[in-house]
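Some notes on the structure that comes next.
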2 protein chains.
Amino acid sequence: MAEIHPEHSHIIEQTKANMPSEEILVKTAEFFKVVGDPTRIRILAALSEGEMCVCCLCDLLEMTQSAVSHQLSVLKAARLIKNRREGKQIYYSLDDAHVGAILCTGISHVEEG
Amino acid sequence: MAEIHPEHSHIIEQTKANMPSEEILVKTAEFFKVVGDPTRIRILAALSEGEMCVCCLCDLLEMTQSAVSHQLSVLKAARLIKNRREGKQIYYSLDDAHVGAILCTGISHVEEG
DNA sequence: TGAACATATGAACAAGTATTCATATGTTTT
DNA sequence: AAAACATATGAATACTTGTTCATATGTTCA
């Protein structure tokens, strides 16, 4: 660990004071981490178009039912998606419009850059 | 892999057609993944307050110089930050305002939720 | 030129994670 | 009630990744 330069300590303290709390930063990192996986972002992109049952997602993503279910549970635990049962099938959808908006922001950032 | 229900194939095809390309989705996931780490998001939050040299970041984050440098190189490779040299020190800053905006979006999402 | 300083980087290790396989749960149909 | 279907879930494995340690690079100062 480097030494603290006296002339820097002011900047450090000021920055510390203005930054969001450690708790908020950690939670935000967790949020981005959940979105930062190709399978999960494909699921979210699909659900942006409307609710969909698990088997549809499997067909669409060309992935195992088990793999899809595992990722759905991660997304649900993070409250990014919700589900409802209709007969034998379970339909998933984005938890709120906010999620879709953040997704769009990321996508357009990539498209521009 | 589940069987394809004929009555679902229409929804699947339509969703596929409306979704962003595989390439875009993968790149977007990579972008979110980079932001989705506590150390890196702390660095970004600090740099949101203004440019800062590596040793300041080490003091602020209370982390090893090596660990900080490694994460800085990840952030730079993803074009989220840039740097300039001034004498012996190297100052890092956000690559553009867009990055700070996305960070804020994520933070406020967490603060609300 | 050599010493001191600031930062970068390669290798190694520990910890985390996405998928697979096997199986369990819950629903409908016969 | 049993069979068929849709989804969930635990364990195991292969892969990824963040940090540490040691060292290299590049700059300034004496």
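For clarity, every value in this text was computed on a predicted model and none was experimentally measured. A note on names: the letters A, B, ... follow the listed sequences, proteins ahead of strands, and every chain is numbered from 1.
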Any Ser69(A) side-chain nitrogen or oxygen under 4.0 Å from OP1 or OP2 of dT9(D):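 For dT9(D), OP1/OP2 do not have a side-chain N/O of Ser69(A) under 4.0 Å.
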Geometric class of the His109(B)/His98(A) ring pair [parallel <30°, tilted 30-60°, perpendicular >60°]: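 If you compare the ring of His98(A) with that of His109(B), the planes turn out perpendicular.
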Choosing from [options], which nucleotide comes nearest the side chain of [X]?
{"X": "Cys55(A)", "options": "dT7(D), dT9(C), dA8(D)", "value": "dT7(D)"}
{"X": "Val54(A)", "options": "dT7(C), dT7(D), dA18(C)", "value": "dT7(D)"}
{"X": "Gln71(B)", "options": "dG18(D), dA18(C), dA8(C)", "value": "dG18(D)"}

Per-nucleotide protein contact string for nucleotides 21-27 of chain D (B base, S sugar-phosphate only, - none; heavy atom under 4.0 Å): BB----B
Interatomic distance, [X] [atom1] vs [N] [atom2] [rounded to whole Å]:
{"X": "Gln89(A)", "N": "dA8(D)", "atom1": "CD", "atom2": "P", "answer": "12 Å"}
{"X": "Glu86(B)", "N": "dA6(C)", "atom1": "CD", "atom2": "P", "answer": "14 Å"}
{"X": "Ile90(A)", "N": "dG26(C)", "atom1": "CD1", "atom2": "P", "answer": "11 Å"}
{"X": "Asn83(B)", "N": "dT7(C)", "atom1": "CG", "atom2": "P", "answer": "11 Å"}
{"X": "Arg84(B)", "N": "dA6(C)", "atom1": "CZ", "atom2": "P", "answer": "16 Å"}
{"X": "Leu57(B)", "N": "dT7(C)", "atom1": "CG", "atom2": "C1'", "answer": "12 Å"}
{"X": "Tyr91(A)", "N": "dT7(D)", "atom1": "OH", "atom2": "C1'", "answer": "13 Å"}
{"X": "Leu61(B)", "N": "dG18(D)", "atom1": "CG", "atom2": "P", "answer": "15 Å"}

Sugar-phosphate, base or nothing in reach of Lys33(B), heavy atoms under 4.0 Å: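 Sugar-phosphate only.
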Touch class at under 4.0 angstrom, heavy-atom based, for Tyr92(A) against every strand present: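 Counting heavy atoms under 4.0 Å across all strands, the contact made by Tyr92(A) is with sugar-phosphate only.
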Sole candidate of Lys82(B), Met52(B), Glu51(B) that passes side chain to side chain contact (heavy atoms under 4.5 Å, CB included) when paired with Tyr91(B):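 Testing each of Lys82(B), Met52(B), Glu51(B) against Tyr91(B), the sole residue satisfying side chain to side chain contact (heavy atoms under 4.5 Å, CB included) is Glu51(B).
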Gln65(B) versus Ser69(B), side-chain donor and acceptor atoms under 3.5 Å: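 Present: a donor and an acceptor within the cut-off.
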Distance in Å, Ser48(B) OG paired with Ile107(B) CD1, rounded so as to fall on 0.5 Å steps: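 Going from the OG atom of Ser48(B) to the CD1 atom of Ile107(B) covers 7.0 Å.
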Compile the donor-acceptor pairs under 3.5 Å between side chains in residues 18-25 of chain A and protein atoms, sequence neighbours left out, one pair per line.
unit_1, atom_1, unit_2, atom_2, d
Asn18(A), ND2, Glu49(B), OE1, 3.4
Ser21(A), OG, Ile24(A), N, 3.1
Glu22(A), OE1, Arg42(B), NE, 3.3
Glu22(A), OE2, Arg42(B), NE, 3.3
Glu23(A), OE2, Lys27(A), NZ, 3.0

side-chain contact (heavy atoms from CB on, under 4.5 Å) evaluation trace for Asp59(B) with His8(A): CA-CA 10 Å; Asp59(B) 294 334; His8(A) 284 160; 5.8 Å; no
side-chain hydrogen bond (donor to acceptor under 3.5 Å, both in side chains): pairs with one or both residues in residues 28-40 of chain A, sequence neighbours excluded: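 Those involving residues 28-40 of chain A are Arg40(A)-Gln71(A).
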